[in-house]
Q: 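The following block contains the structure, expressed as C-alpha cells.
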Amino acid sequence: HSSKTKDGPIKVALSLFGLMVVVFLMFSVFQPKNKKELDRPPLQVVMEQQNQLHKQSQQHPLPNINLDDDAISAPKSNHDHDDHDDHAANRGEQAKLAAPKQQADIEIIYSEDKNDARSSSDTAAYDSDDPYQHPSHPARPPQSIAVSALSDEQLSQFFDTDIDARDRFNATNTPGVNHRGQLYVMNYIFLPSEQMMAIFLLTAEYLDPAHGLHAWPSRRRRADLPEVYKNIRSTIYAQYKSASPSFACVFRVAREVWVSQVDFVPNNTTRDRYVNEGTEIMRCNVPMMAINNAYKKLQQPSIFYDENATFSFVLTQNWQHLISNDEAADVALKSLVHVSLSFVMGVRSGIGLLDHDEPLIYKKANQARYLTLCMPPISEPLAFLAEIVAHYIANLGIEHIYIGTFFAHDKVDAHRAKLLDRIRPWYEQGLVTIWPHEQPWIEFTDKAKSHWLNQCLYYAKSRDSYTLSLDADEFLVLKRIDEVYDKLKEGEFEARQSSMQAQFSSLVKSTVSKFDDVDDHFCWLTFESYQMWQLMYPEEQYMVRRFLGREQRAQLTWSKVIWNTKHLHFTGYHAGGACSAQDHDWRQVVNDWRESKDTKHVYRFNAEQEGALLHYYNCRQIRIEPKDSKLRNPWSKLANDSRMMDVYWTNIEHDFEKYKIQATYPDESDVMNTKYYREHYGFGNSMTNWYQKYSEDKKDLTTA
C-alpha cells in the first residue's frame with residue numbers, strides 16, 4: 001500500500017505530460033499553412049558553422065539572402081578595386097545567412113562536425129589542401145558554396161537548355177564573343193596549385209577609338225563581319241565588374257553543384273600607358289577537394305589527374321536562384337550572360353596550345369620550373385627565331401619558352417607551319433610552346449601583346465617561379481656569362497656550356513637571397529636595353545652576326561622584366577602591375593618607371609655590371625637612322641658590341657649544326673629586302689653606305 005502511494009504522484013505527472021504532447025501534435029497537424037506544400041525536398045546549402053562561415057567572412061561576404069521574400073539581393077559591388085579590403089567592418093554580418101523560416105524552400109545546414117554525413121563528404125580528407133585554411137594576400141576569390149538537392153529538371157535547364165549553342169566555348173571557338181555581344185572571352189586558364197580559374201576578357205576600353213593603340217572590328221573584311229561584331233562596341237559591357245547581377249562560375253559533378261563568385265584583378269595598376277584596363281581578369285575558386293570527393297563517391301578517378309579529360313564549367317550572371325530557388329528570378333535573368341567554358345585538363349587553357357611539354361597535373365612530382373620565358377605574339381614567322389630560341393636555351397639555360405602568335409587570318413596555317421619548321425628541334429623536345437593569340441574579327445594592335453602577356457603570367461603561376469618577358473628581337477647578355485666564357489673558352493665544350501647556362505638562374509637566386517622568404521621580395525626585376533641598330537656585316541647569314549653598332553647608353557624606355565609569378569597579378573610590357581609582394585596593396589601602382597624608382601619592390605640590374613638586353617631595333621624594318629630626320633635618331637653615341645659573336649655564338653652555332661637547321665638568310669623577311677633599305681643603302685651593303693633619294697626633285701641617288 002505504501003508503494004502505491006509513493007508511485008501515485010509520478011504516474012499523474014507522466015499522464016499530464018503525455019496529454020500535453022497529444023495537444024501539441026494535434027495543434028501542429030491542423031494548423032493552416034500559409035504556403036502550398038513543396039513538391040520537392042528543400043534545397044540544401046551545407047555550411048560548417050564554426051569553420052566555413054568564419055573563413056568566408058575573412059575573405060568575402062556572401063550574398064544577402066532574404067528568405068521572407070523568397071528573393072536574393074546581389075552583393076554590393078565596388079568599382080575602384082576595393083572588393084577585398086573595404087568591407088571589413090560588415091563582413092561578419094554579411095557572411096551569416098538569414099535563418100530559414102519554417103516554410104522556406106531552402107535549408108541551411110550548419111554542421112558542428114566536419115564529418116557531418118550531410119556535408120560535401122569527408123572534408124577531413126582535403127582540409128589540409130584547403131587554401132582558405134590560411135590567410136592569403138591578396139584575398140582569394142570568394143569561397144565556393146555547395147548546393148545540393150537540385151532536381152534533374154533544374155540541372156538540365158541550367159547546364160544544357162539555357163546555354164545557347166553559340167555560347168559553348170572551347171578550343172575550336174576561343175577567343176570569341178557571346179551571341180549577345182556582352183563579353184568577349186579571350187581565354188580562360190586553370191591554375192591547379194592556386195585552385196582557381198582565371199578568365200580573360202577583352203574590354204570596352206580596348207575597343208574605344210579615342211584611346212591610343214585601340215583595336216576595332218575588322219574593316220578589311222567588313223562584308224563578312226558577323227552582325228554581333230558589327231555592334232560589339234555598343235553591346236559589350238562597359239565595365240564587367242559593375243555588371244548587375246554579378247558573375248559567378250558554377251561547377252558540377254553528377255548532382256553536386258558549387259557556385260563560386262568571381263573577383264577582379266586590379267587592371268589599372270601599371271605605368272605602361274596603353275595597357276591599363278585593356279584586359280579584364282576575373283578569378284573564381286575551383287573547389288577541387290570537394291570535386292575530388294564527389295568523384296570518389298561515384299567510385300571514379302578525379303578529373304584533375306587525367307590529362308585527357310575535358311573539364312567544363314559555366315560562367316554566368318544567372319546563378320543566384322541556385323541558392324535561393326527563386327524561379328521568378330531565374331526567368332528574369334535569361335537575357336544575361338550564361339556561357340559554358342571547356343578545356344582539356346592537360347592543356348589548362350581554353351585556347352588550344354601547341355607543344356610537347358609534359359602536362360602540369362595537380363600534385364604530380366618534379367614538375368616545377370625555376371626560370372622560363374614568355375615571348376609576346378609575333379605577326380610573322382621571323383627568320384631569326386631559331387637564333388633567339390637557341391640563345392635562350394643553349395646560353396641562358398631557360399627551361400621553357402612560350403611564343404605567342406597573331407598571324408593574319410588568311411596566313412595562319414602557312415605561317416604556323418613555317419614557324420614550326422624553324423624551331424622544330426626544341427618544339428619536339430617539349431622546350432617550346434606555340435600559343436595562338438589570333439582574335440577573330442578583331443584587328444591586331446600592339447596592345448594585343450599585353451592581353452597575351454597577362455595570360456602567360458597566369459599560365460606560369462602554378463609551375464614557373466620566375467618568368468622573363470621580352471620580344472623576339474631582344475637578346476639578353478650577362479656579365480657572368482661573359483666571364484665564364486673567358487675563363488673556360490679553351491676547355492671542354494659541354495662543361496663550359498653547362499656553366500654558362502647556370503649563370504642566369506644563379507643571378508636571380510643571388511639577387512633575392514637576402515630576403516628571408518625567397519618568394520616574397522620583389523614584384524619584378526628589370527633589365528635595361530641597348531638599342532642595337534647598325535647593320536655592319538651584310539654578308540653574314542645570321543641576324544646577330546650582322547649587327548655591331550648600338551647606342552652607348554642603356555635605357556629604360558624598352559626595358560623588360562622578370563616576373564615574380566607568385567606575387568605579380570597584372571602586367572604591362574615594360575613594368576608589372578598588381579603586386580602583393582611584401583604586403584603591398586595590389587590596387588596601388590608600384591611606381592617604378594624610368595626616373596621614378598621603388599627599390600623596395602623592384603630590382604634594377606646594372607647594365608654594365610650585371611646584364612642588359614641587346615634590342616635589335618632594325619632587324620626587320622629600319623627604325624633608327626641618324627641621317628634621316630623622319631626616323632628616330634640614336635639617343636646616345638654609337639658603340640660597337642661584338643659579344644653575341646665573341647661569346648654567345650659558339651653555343652648557338654652548335655645547336656644549328658647539331659639539329660641541321662638552315663641558316664637564317666636568305667629569306668624574304670630579310671631587312672635588306674625592304675624598300676627603305678634598298679633605296680637608302682642598297683641590297684647587300686652595310687648601313688654605313690647611306691644614300692638619300694630626292695624624289696621630289698627627281699635627282700639621282702647621291703652619296704651623302
Side-chain angles (χ1 to χ4, degrees), residues 46 119-132 140-148 150 152 155-156 158-160 163 167-174 185 187-200 248-262 282-316 319 322 339-353 355 357-368 458-459 461-463:
V46 181
S119 69
S120 55
S121 90
D122 194 21
T123 57
Y126 62 81
D127 269 351
S128 60
D129 295 319
D130 182 357
Y132 293 90
R140 286 182 55 82
Q143 191 167 6
S144 303
I145 301 172
V147 179
S148 61
L150 294 175
D152 290 340
L155 291 169
S156 176
F158 186 87
F159 290 97
D160 187 12
I163 302 175
D167 293 341
R168 294 185 177 275
F169 291 93
N170 52 48
T172 67
N173 62 353
T174 303
V185 180
N187 200 6
Y188 41 97
I189 290 172
F190 174 48
L191 291 75
S193 296
E194 290 78 6
Q195 300 188 32
M196 70 171 65
M197 292 297 308
I199 303 165
F200 303 85
C249 303
V250 183
F251 305 92
R252 175 191 178 188
V253 176
R255 300 184 63 84
E256 296 190 54
V257 174
W258 299 267
V259 177
S260 301
Q261 287 182 262
V262 307
M282 291 179 175
R283 308 184 309 166
C284 65
N285 177 57
V286 180
M288 291 176 62
M289 300 304 106
I291 291 174
N292 279 346
N293 286 330
Y295 280 106
K296 186 176 180 180
K297 289 180 188 177
L298 298 172
Q299 298 183 338
Q300 295 178 9
S302 171
I303 194 171
F304 299 117
Y305 304 106
D306 183 356
E307 65 184 70
N308 298 311
T310 298
F311 186 84
S312 300
F313 66 101
V314 173
L315 175 65
T316 182
W319 56 271
L322 297 178
V339 301
S340 170
L341 306 178
S342 301
F343 62 93
V344 175
M345 187 57 63
V347 179
R348 299 192 294 119
S349 165
I351 291 176
L353 309 183
D355 63 24
D357 190 15
E358 180 184 7
L360 175 63
I361 300 299
Y362 183 62
K363 287 196 171 182
K364 187 175 181 180
N366 302 319
Q367 292 200 297
Y458 276 77
Y459 198 78
K461 275 182 175 291
S462 279
R463 189 171 205 171

Q: Under 4.5 Å between any side-chain heavy atoms of Leu191 and Tyr459, yes or no?
A: no
Q: As an exercise, state the distance from CG of Asn187 to CD1 of Ile189, rounded to the nearest 0.5 Å.
A: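 The distance works out to 5.0 Å.
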Q: What verdict does the salt bridge (charged side-chain N to carboxylate O under 4.0 Å, His left out) test give for Glu194 and Arg283, after you've listed the backbone C-alpha separation in whole Å, the side-chain angles of each residue and the deciding distance to 0.1 Å?
A: CA-CA 11 Å; Glu194 290 78 6; Arg283 308 184 309 166; over 6 Å; no
Q: Is any side-chain heavy atom of Ser260 less than 4.5 Å from a side-chain heavy atom of Pro287?
A: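 Sidechains of Pro287 and Ser260: in contact.
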Q: Are Met282 and Leu315 packed together at the side-chain level, in the sense that at least one heavy-atom pair is separated by less than 4.5 angstrom?
A: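 SC-SC contact between Met282 and Leu315 confirmed.
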Q: Are Pro192 and Leu360 side-chain neighbours, meaning at least one heavy-atom pair lies under 4.5 Å?
A: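 Heavy-atom side-chain distance check passes, below 4.5 Å.
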Q: Do Leu298 and Val253 pass the side chain to side chain contact (heavy atoms under 4.5 Å, CB included) test, and can you show the C-alpha distance, the side-chain angles, and the key distance before you say yes or no?
A: CA-CA 9 Å; Leu298 298 172; Val253 176; 3.8 Å; yes
Q: Counting N and O atoms only, with roles assigned by atom type, does the side chain of Gln367 sit under 3.5 Å from a partner on the main chain of Pro359, one being a donor and the other an acceptor?
A: yes
Q: For Ile163, what residues pass the side chain to side chain contact (heavy atoms under 4.5 Å, CB included) criterion, not counting sequence neighbours?
A: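 Result, side chain to side chain contact (heavy atoms under 4.5 Å, CB included) vs Ile163: Asp167, Arg168, Val314, His338, Ser340.
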Q: Please round to the nearest 0.5 Å and tell me the distance separating atom CZ of Phe200 and atom CD1 of Ile351.
A: 10.0 Å
Q: Val257 versus Val250: any side-chain heavy-atom pair under 4.5 Å?
A: yes
Q: Using the side-chain hydrogen bond (donor to acceptor under 3.5 Å, both in side chains) criterion, which residues pair with Asn173? Sequence neighbours excluded.
A: none
Q: To the nearest 0.5 Å, what is the distance between OG1 (Thr310) and CD1 (Ile303)?
A: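 With rounding to 0.5 Å, OG1 (Thr310) is 7.5 Å from CD1 (Ile303).
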Q: Between Tyr458 and Ala198, which heavy-atom pair has the shortest distance, and what is it?
A: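 For Tyr458 and Ala198, the tightest heavy-atom pair comes out as CD2-CB, 3.7 Å.
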Q: Less than 4.5 Å apart, side chain to side chain, heavy atoms only: is that true for Met288 and Phe251?
A: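 Contact flag for Met288/Phe251 side chains = no.
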Q: One pair to check against side chain to side chain contact (heavy atoms under 4.5 Å, CB included): Tyr188 and Cys249. What are the steps and the verdict?
A: CA-CA 12 Å; Tyr188 41 97; Cys249 303; over 6 Å; no
Q: With side chain to side chain contact (heavy atoms under 4.5 Å, CB included) as the criterion, how do Arg252 and Leu155 come out once you've worked through the C-alpha distance, each side chain's angles and the decisive distance to 0.1 Å?
A: CA-CA 9 Å; Arg252 175 191 178 188; Leu155 291 169; 3.8 Å; yes
Q: Rounded to the nearest 0.5 Å, how far does CH2 of Trp258 lie from CD1 of Ile291?
A: 5.0 Å
Q: Would you sort out whether Gln143 and Gln261 count as a side chain to side chain contact (heavy atoms under 4.5 Å, CB included), showing the intermediate values?
A: CA-CA 8 Å; Gln143 191 167 6; Gln261 287 182 262; over 6 Å; no
Q: Hey, mind stepping through Glu358 and Lys364 against salt bridge (charged side-chain N to carboxylate O under 4.0 Å, His left out) and telling me if it holds?
A: CA-CA 11 Å; Glu358 180 184 7; Lys364 187 175 181 180; 2.9 Å; yes
Q: Between the side chain of Thr174 and the main-chain N/O of Asn170, is any donor-acceptor distance below 3.5 Å?
A: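 Pair found, side chain donor or acceptor close to backbone of Asn170.
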Q: Got a second to check how far Asp306's CG is from Met345's CE, nearest 0.5 Å?
A: 8.5 Å
Q: According to ring-ring contact (aromatic ring centres under 6.0 Å, His included), who are the partners of Phe304, at least two apart in sequence or on a separate chain?
A: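 Partners of Phe304 under the ring-ring contact (aromatic ring centres under 6.0 Å, His included) test: Phe190, Phe311.
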Q: Would you give the length of the straight line joining atom OG of Ser148 to atom CZ of Arg255, rounded to the nearest 0.5 angstrom?
A: 9.5 Å
